Number of protein chains: 2
Amino acid sequence: MRKSKSRSVERLLRYCEFVKKRLEEGKSYVFSHELADLVGVSPAQVRQDLMVFKIVGTPQKGYPVEEFYRVLSDHLKSGIKTKIILVGVGNLGRAILSYFIKRKPNLEIVAAFDSDPQKTERIYSGTRILHISKMNDFILKEDIKVALITVPADSAQIVADQIIKAGIKCILNFAPVALKTPPEVFVEQLDITLSIEKAAYFANKEAQ
Amino acid sequence: MRKSKSRSVERLLRYCEFVKKRLEEGKSYVFSHELADLVGVSPAQVRQDLMVFKIVGTPQKGYPVEEFYRVLSDHLKSGIKTKIILVGVGNLGRAILSYFIKRKPNLEIVAAFDSDPQKTERIYSGTRILHISKMNDFILKEDIKVALITVPADSAQIVADQIIKAGIKCILNFAPVALKTPPEVFVEQLDITLSIEKAAYFANKEAQ
DNA sequence: TAATCATCGTTAGTTTATTAACGATGATAG
DNA sequence: CTATCATCGTTAATAAACTAACGATGATTA
Ligand SMILES: NC(=O)c1ccc[n+]([C@@H]2O[C@H](COP(=O)([O-])OP(=O)(O)OC[C@H]3O[C@@H](n4cnc5c(N)ncnc54)[C@H](O)[C@@H]3O)[C@@H](O)[C@H]2O)c1
Ligand SMILES: NC(=O)c1ccc[n+]([C@@H]2O[C@H](COP(=O)([O-])OP(=O)(O)OC[C@H]3O[C@@H](n4cnc5c(N)ncnc54)[C@H](O)[C@@H]3O)[C@@H](O)[C@H]2O)c1
């Protein structure tokens, strides 16, 4: 899948959350440099992001928060509740489940799946844990498009194949393997270990 | 900090791990397209990565695994054990602690810190959990350069300021806030929620 | 009144990241 | 023996992401 403007989507999501808070605080305007600080880019980048959506501000007051929020939340569909499943209820999977409960109103982890019968057919942190054998039907019936993969590396590709076949279009993969997927499927890789190794690399470099 | 060639470092780390496995399997050569598949880039990119390190191969056999591993592991300092601390022993912090125990020989989480006295002064999954008040001295005495931040968003900046003052040079931040840090500090942001929101965005877009 | 100022929208330029392309190589097949 | 082939090293081209910079605006200050 084209990841087109993937980074700008990240920023837009953060802007949207921020201006929502502004709105609730009763503030009417926001400056590009405030948003720039929020996400860690230059004000020029922020202005460019907003230009695309024809959100116009004035040099005196900045951008009008209300219109800003309306346009962005409409584009980002932040009103729509997205149903998500999680596959692999291990240490990481449970951490995510317990974090997400009631945290984000527009994201809902509607079920989790595991191959271990000891872990399934119960509720964890408000989420149903079902056996993997029920996954295919569940995805189809509930029309799920987004999945989080938190199974061991060996199983990640197998799981990916299964869920894509069932209709999943967007995957967040925490397993440290590059998934082979058809081009229309969006895959985001979140490799915690790799990130730590990278940090370690720079630490050792800096020290010469 | 200059993130220079951050992406290529990620790939090099994966190549290194892969050729190590090759070596153990007794294979002598590897082709660029095999490495390309591994990390999800073109063979041209792989060849370019290796060119920098003067690792030369032949069109007939590919790249010699032994020299490949020697050069890369030397550059990546994968022999050096990097000491890491973790701050914030919540759900995510504990998941990481239990994952890392004995998993990566060159990375060691030597201690974890928390502000909650109920969670500290004990061992979790083989790692000492100490009270945050002992963090500064620990970083100094043990000469720690890498830290993982897994505290709530409100506390992340405070923690970052503390650890940077104590000497931390590389931070992996799991809290959903952009940290303000001096330019010489390497910060990697791992925002799980943002990644999920991004996936949800693409899922809703695809559906029109 | 006029100078100063921060910030705007926009265009141009820079940096980083990645792929395309091309001549060269030498093993293998006809 | 010669043509074909996959793959090499390398350079050029392209794409993505971001910053710099500039004229414009209008409020504020001198
Ligand atoms: N926990 C961490 O902090 C951490 C850090 C870095 C990377 N990761 C990666 O995240 C993933 C999960 O890590 P973890 O620590 O939670 O592992 P874990 O072993 O605790 O949990 C894995 C879970 O997946 C289940 N599972 C295995 N095969 C399955 C299958 N085919 N279908 C459905 N469920 C299956 C297991 O029963 C288990 O519950 C791994 O790929 C790991 O490499 C985790
Ligand atoms: N758990 C997840 O799956 C998940 C998902 C997305 C984002 N995150 C982010 O990761 C971070 C941790 O998440 P979590 O679910 O583990 O939270 P948590 O509330 O379970 O744990 C946070 C821990 O940090 C400790 N803490 C708080 N302030 C501190 C301070 N100043 N110094 C030291 N320790 C302090 C708390 O005592 C607690 O143990 C959060 O910023 C969260 O937004 C987590």
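In what follows, chains carry the letters A, B, and so on, assigned in the order in which the sequence lines appear, proteins first and then strands, with residues in each chain numbered from 1. None of these values were measured; they are calculated from a predicted model.
For B:H33, no side-chain nitrogen or oxygen approaches OP1 or OP2 of D:dA6 to under 4.0 Å. Dashed line: the shortest gap from a side-chain N or O of A:S6 to OP1 or OP2 of D:dA16 is not under 4.0 Å. Within the 4.0 Å cut-off from OP1 or OP2 of C:dA17, not a single side-chain nitrogen or oxygen of B:S8 is found. For D:dC18, one of the phosphate oxygens OP1 or OP2 lies less than 4.0 angstrom from a side-chain nitrogen or oxygen of A:R7. At C:dA17, none of the side-chain N or O atoms of B:R11 fall inside 4.0 Å of OP1 or OP2 (strictly under the cut-off).
The distance between atom CD of A:E34 and atom P of C:dT7, rounded to the nearest whole Å, is 9 Å. One can place NZ of B:K61 at 15 Å from P of D:dG9, the figure rounded to the nearest angstrom. When the C1' atom of D:dC8 is taken as reference, atom CZ of B:F68 falls 14 Å away, rounded to whole Å.
The two residues B:A178 and A:G40 make their nearest non-hydrogen contact at CB-N, 4.5 Å. Between B:A166 and B:I139, the shortest heavy-atom contact is O-CG2, 3.5 Å.
Only A:R47, A:Q48, A:M51, listed by number, bring a heavy atom of residues 43-54 of chain A to less than 4.0 angstrom from any atom of DNA chain C.
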Under 3.5 Å, sequence neighbours excluded: what are the donor-acceptor pairs made by side chains of residues 25-34 of chain A?
{"unit_1": "A:E25", "atom_1": "OE1", "unit_2": "A:K27", "atom_2": "NZ", "d": "3.4"}
{"unit_1": "A:E34", "atom_1": "OE1", "unit_2": "A:F31", "atom_2": "N", "d": "2.6"}
{"unit_1": "A:E34", "atom_1": "OE2", "unit_2": "A:R22", "atom_2": "NH2", "d": "2.7"}

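A centroid separation of 6.0 Å or more is found between the aromatic rings of B:F68 and B:F53.
In summary, B:D143 and B:K145 engage in a salt bridge, as defined by a charged side-chain N under 4.0 Å from a carboxylate O. A salt bridge links A:E17 to A:K104: at least one charged side-chain nitrogen sits closer than 4.0 Å to a carboxylate oxygen.
For the residue pair B:S6 / A:K198, a side-chain donor-acceptor distance below 3.5 Å is found, with atom types taken as modelled.
The aromatic rings of B:F113 and B:F138 stand perpendicular to each other, their planes meeting at an angle above 60°, with 30° marking the opposite boundary.
For A:Y63, counting side-chain heavy atoms from C-beta on, the closest listed nucleotide (D:dC8, C:dG9, C:dT19) is C:dG9.
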Where along nucleotides 25-30 of chain D does protein come under 4.0 Å, by heavy atom, of base (B) or sugar-phosphate alone (S), with - for untouched nucleotides? BBS---
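In this structure the side chain of A:T82 reaches within 4.5 angstrom of the side chain of A:I84, judged on heavy atoms.
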